[in-house]
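Lettering follows sequence order; numbering is per chain, from 1.
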Amino acid sequence: MTKTFYITTPIYYVNGDPHMGHAYTTIACDVMARFKRLDGYDVHFLTGTDEHGIKVLQAARDGGVDPQTFTDQVSQKFQDILPALNISNDDFIRTTSARHKKGAQVLWEAIAKSGNIYKGGYSGWYAVRDEAYYQEDETEIRADGKRYALSSGAECTWMEEESYFFKLSAWGDRLLEFYDKNPDFIGPESSKKEVISFVKGGLKDLSISRTTFDWGIPVPGDEKHVMYVWLDALSNYITALGYGSDDDSLFQKFWPAQFHAVGKEITRFHCIYWPAFLMAANIANPERVFANGWWIMEGQKMSKSLGNVVTPEDLINRYGVDGARYVLLRDLPFGNDGNFVHENAVNRLNSDMSNGFGNLAQRTLSMINKNCGGQVPTPGDLSIEDQALLIEVREELIHEMRKEFENFRFSAALEHFMKAVNHANMYVDRQAPWKLKKENPDRMATVLYVLAETVRALAIAIQPFVPASANKMLDQLAITEDARTFAHLDKAHALKAGTALPEPQGVFPRLEVQKAA
RNA sequence: GGCAGCGUAGCUCAGGGGUAGAGCAGAGGAAUCAUAAUCCUUUGGUCGGGGGUUCAAAUCCCUCCGCUGCUACCA
């Protein structure tokens, strides 16, 4: 039976427009999803938008529209960037959709049924400006007799609110045991330490409903409450699979998820609350949560006031779709924070894709076109060097890449790829087929065959990162679309001599270095 | 303030107790099939500052500086 692979991005909060960070996480997931599909897995890839909560409500009011209209508009922007970045998601979930609301309520009921929800009161020093409650020792009384939050200086008033609570305090030990038994659950290591120390510090019960506004999912049986946005939001990973609906076949098939990608700022929600909710509802936990870092731009934090916020469209305009995908994953190890420098990105694309891989393909195809009648040449006996190169690109490379993908090391996978490209270019120079043309045409045909076969294997392997370009290259080798998976890397699916090839065209045009954002 | 991470060649980043690594950028050479691309050689760092442990520290410990995230109901 085919192995399933369920992968999710976070659902993006619609209080702002999509930016480079959203693109980054989404692209990383897409690359993983494509890799797994090519590797024979039955993949389900989910992304979506998180649309409830007071911030969205306020943003809608500020814009003078009702919240549903507002979220429709912003969610659409997030949906629009998916085809623009060539994202292969199988589904898009919105937390305002009927299917999600229903599923979230079913989850609530499942947790309630287990005895983990109780009604209580929430009280504390509330700062309207911060939308946050503070402990008494987090506030001070100033000369004017009023109370202010120490951290923000916002004025606080005593508030009491009826609220439902989740018995998070009861789950600390079971969470720690879960982390212990599943050491790969949280990555990278820094996030894991943070989460474990947080849990060890002791967990308090979690308020999971609100009565102060109504832009949310009604609590089953007590509709003056709406569900806490994180309980609402996290449940998307199962509601999108039909959890709690009449047809939960996808849920049966794909849950638990193999991989939740998150930004490093939301690891706590995914690594503490989410498993606790699921365990309480007696649902299996996801296998892995991996947090990616944040980008800064040319050494500076991205911010609206600095005017250096980079949007997905900016990246596409500058680097093309495949170029944007490539430069985001090439240098920075997934999980680390990074500094995005345009000059480096251009250099990277030019030297790796244009000069390295693109030129390898072009010189190979061009020689075949001119010297072999535009057909795949007929190879003779293979030398040791021929065989070594073919083994590297057909077998060893994908083996190495697979290992790196297991640990989300996209940049390391690309390093292996570029190493193979370099070896192929070395091979061209050593064999010098342009000399063989006069001295030994049969040997030239063999060398060009080995090279064409090398380009085929490399193009197949690089598909997850630069799908459109890789496909163009495979078109030029007359590889049919159903013969492009990793299973086709082997000798049995090698190029057939005599196959007519189209006129070669450059696939990775060089970019000009340009300064400033 | 507390917790965690980071600070390594001009740039982007690996590494992590035993004579400092990669790619790009720079320099020199070879070749000319190719998107003037390729291939070879090569310059370059007292691994943020200071202190300590050790025969030996970029790597462990302490401290200081700078940056980042979290600090509970706020994505």
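- Proximity of Asn422(A) to the phosphate of C39(B): a side-chain N or O atom is located under 4.0 Å from OP1 or OP2.
- Sorted by first and then second residue, the salt bridge (Lys or Arg N to Asp or Glu O under 4.0 Å) pairs with a member in residues 409-422 of chain A read Glu404(A)-Arg409(A); sequence neighbours excluded.
- The aromatic ring centres of Phe340(A) and His342(A) sit less than 6.0 Å apart.
- Checked against ring pair (Phe, Tyr, Trp, His ring centres under 6.0 Å), Phe405(A) has the following partners two or more places apart in sequence or in another chain: Phe35(A), Phe410(A), Phe465(A).
- Distance, Met444(A) CE to A34(B) C1': 15 Å, rounded to whole Å.
- Listed pair Arg268(A) / U71(B) meets the phosphate criterion, a side-chain N or O lying under 4.0 Å from OP1 or OP2.
- Scored by the ring pair (Phe, Tyr, Trp, His ring centres under 6.0 Å) test, Tyr326(A) finds no partners at all (sequence neighbours excluded).
- Between the C1' atoms of G2(B) and G17(B), the separation comes to 31 Å (whole Å).
- The side chain of Phe269(A) sits closest to C74(B) out of U35(B), C39(B), C74(B).
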Could you go through residues 356-365 of chain A and list every donor-acceptor pair under 3.5 Å that involves a side-chain atom there, pairing it with any protein atom two or more places apart or in another chain?
from      : atom 1 : to        : atom 2 : distance (Å)
Arg363(A) : NH1    : Asn425(A) : OD1    : 2.8
Arg363(A) : NH2    : Asp429(A) : OD1    : 3.1
Thr364(A) : OG1    : Leu360(A) : O      : 2.8

**Q.** 5'-to-3' dot-bracket of RNA chain B (Watson-Crick, G-U; under 3.5 angstrom; crossing pairs as [ ]; | other strand)
**A.** (((((((..((((....[..)))).(((((.......))))).....(((((..]....))))))))))))....

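- Comparing atom distances between the Phe198(A) side chain and each of U38(B), G69(B), U71(B) picks out U71(B) as nearest.
- Residue Tyr12(A) is classed as having no contact, given no heavy-atom separation below 4.0 Å to the nucleic acid.
- Distances from the side chain of Met426(A) to the nucleotides C33(B), C39(B), A72(B) place C39(B) closest.
- Take Asp314(A) and apply the side-chain contact (heavy atoms from CB on, under 4.5 Å) test, not counting sequence neighbours, and it matches Val310(A), Thr311(A).
- In summary, the aromatic rings of Tyr164(A) and Tyr118(A) are positioned with their centroids too far apart to meet the 6.0 Å limit.
- With distances taken from any side-chain atom of Lys301(A) to the nucleotides C40(B), G69(B), C24(B), the minimum falls on G69(B).
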Q.
Could you go through Phe269(A) and Trp274(A), starting from their C-alpha distance and side-chain angles, then the distance that decides it, and tell me whether this counts as ring-ring contact (aromatic ring centres under 6.0 Å, His included)?
A. CA-CA 6 Å; Phe269(A) 303 96; Trp274(A) 183 225; over 10 Å; no

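- Among the nucleotides C13(B), C39(B), C70(B), the one closest to any side-chain atom of Asn339(A) is C13(B).
- Shown here are the ring pair (Phe, Tyr, Trp, His ring centres under 6.0 Å) partners of His416(A), two or more places apart in sequence or in another chain: there are none.
- Contacts of Asp322(A) classified as side-chain contact (heavy atoms from CB on, under 4.5 Å), with partners at least two apart in sequence or in another chain: Arg325(A), Val466(A), Pro467(A), Ala468(A), Ser469(A).
- For RNA chain B, the neighbouring residues in residues 184-197 of chain A, judged by any heavy atom under 4.0 Å, are Ser190(A), Lys193(A), Glu194(A), Ser197(A).
- The ring pair (Phe, Tyr, Trp, His ring centres under 6.0 Å) test applied to His52(A) returns Trp215(A), not counting sequence neighbours.
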Protein and nucleotides 41-44 of chain B: nitrogen or oxygen contacts under 3.5 angstrom:
none

Atom pairs, N/O to N/O, protein against nucleotides 26-31 of chain B, distance under 3.5 Å?
none

